[in-house]
Asks: 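What follows is a single structure, and I will ask about it in a moment.
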Amino acid sequence: MTENEIPRAVSLPWGAMIVAGLVGGVLGTVAGWLGHPTVPLASVACGALAGSGGYLLGSMVLLPWVARPLEQWMAIWPGALLSRLLATGIMAWLLYFPPPEGDGGFRAALVVSHVVSIFLDAALLSRWSRSLDRNPVHES
């Protein structure tokens, strides 16, 4: 593949990034509820919301729908991970109110939803970047 085959400016698959956040939230809720069935579901749901919502807010800061050169996307990827981590921490701080039964479900849902979202994001972005050489008209 030559340099001319790679599109000059592409946008990230932000629809798939939103789906990754939603799937992470659902799996975080399930994991938090299964791990701590006595904790109220509202606490578990708040943890999942903080994990997946922080991922989504941190992702949207990047404006993934804007077409940029592929090299620029690779350069700002570490900043994306940092913005997601910070947004998740801020959302967890805003949503955390310790229930009398404990906070184990909140923490489990928070961690699982955030980690699953990040792993799904990495998988979909690697698949997306591999597809660029097969579909050079991947511009927004």
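What you are looking at is a predicted structure, and each value in this text was computed from that prediction instead of being measured.
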Asks: To the nearest 0.5 Å, what is the distance between CG on Leu34 and CG on Leu27?
Replies: 10.5 Å

Asks: Throw together a table of side-chain donor-acceptor distances under 3.5 angstrom for residues 13-23, partners on residues two or more places apart or in other chains.
Replies:
none

Asks: Tell me the closest heavy-atom pair linking Ser117 and Gly24, and the distance in Å.
Replies: OG-CA, 3.6 Å

Asks: Decide whether Ile76 and Val66 are clustered together by the hydrophobic rule: side chain heavy atoms of Ile, Leu, Val, Met, Phe, Trp, Tyr closer than 4.5 Å, transitively.
Replies: yes

Asks: Taking all non-hydrogen atoms of both residues, which atom of Gly54 and which atom of Ala87 are closest, and how far apart?
Replies: O-CB, 3.3 Å

Asks: In the structure I gave you, are the side-chain heavy atoms of Leu125 and Trp77 within less than 4.5 Å of one another anywhere?
Replies: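 Yes; the side chains approach each other to less than 4.5 Å.
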
Asks: Within a radius of less than 6.0 Å around CH2 of Trp73, do more than 12 heavy atoms belonging to other residues, nucleotides or ligands occur?
Replies: yes

Asks: Could you tell me whether the side chain of Ser83 and the main chain of Gly58 form a donor-acceptor pair under 3.5 Å?
Replies: yes

Asks: Taking a hydrophobic cluster as the set of Ile, Leu, Val, Met, Phe, Trp and Tyr residues connected by side-chain heavy atoms closer than 4.5 Å, whether directly or through intermediates, do Leu62 and Met60 fall within one such cluster?
Replies: yes

Asks: Locate the shortest heavy-atom distance separating Ser126 from Ala123; write the atom from each residue and the value.
Replies: OG-O, 2.9 Å

Asks: Is Phe119 linked to Trp128 within one hydrophobic cluster, defined over Ile, Leu, Val, Met, Phe, Trp and Tyr using a side-chain heavy-atom separation of less than 4.5 Å?
Replies: no

Asks: Before giving the answer on side-chain contact (heavy atoms from CB on, under 4.5 Å), spell out for Leu110 and Met91 the whole-Å C-alpha distance, their side-chain angles and the decisive distance to 0.1 Å.
Replies: CA-CA 10 Å; Leu110 172 73; Met91 286 195 67; over 6 Å; no

Asks: What's the shortest heavy-atom distance between Pro64 and Ser11, and which atoms?
Replies: O-CB, 3.5 Å

Asks: Tell me, do Arg84 and Leu81 make a side-chain contact under 4.5 Å, heavy atoms counted?
Replies: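 A side-chain contact exists here, since the closest heavy-atom pair is under 4.5 Å.
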
Asks: Hey, what do you get for CZ (Phe106) to OG (Ser43), rounding to the nearest 0.5 Å?
Replies: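 If we round to the nearest 0.5 Å, Phe106:CZ and Ser43:OG are 6.5 Å apart.
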
Asks: Can you give me the closest heavy-atom contact between Ser113 and Gly47, atom names plus distance?
Replies: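 Closest pair (atom of Ser113, atom of Gly47, distance): OG-O, 3.9 Å.
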
Asks: Which heavy atom in Ala109 sits nearest to a heavy atom in Val44, and how many Å separate them?
Replies: CB-O, 3.3 Å

Asks: For the CD1 atom of Ile118 and the OH atom of Tyr55, what is their distance to the nearest 0.5 Å?
Replies: 6.5 Å

Asks: Grouping I, L, V, M, F, W and Y whenever their side-chain heavy atoms are under 4.5 Å apart, do Leu124 and Leu56 come out in a common cluster?
Replies: yes

Asks: Is there a path from Val10 to Leu12 through hydrophobic residues (I, L, V, M, F, W, Y) whose side chains come within less than 4.5 Å of each other?
Replies: yes

Asks: How long is the gap from CG on Leu49 to OG1 on Thr88, to the nearest 0.5 Å?
Replies: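 Nearest 0.5 Å value for the CG-OG1 distance: 10.5 Å.
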
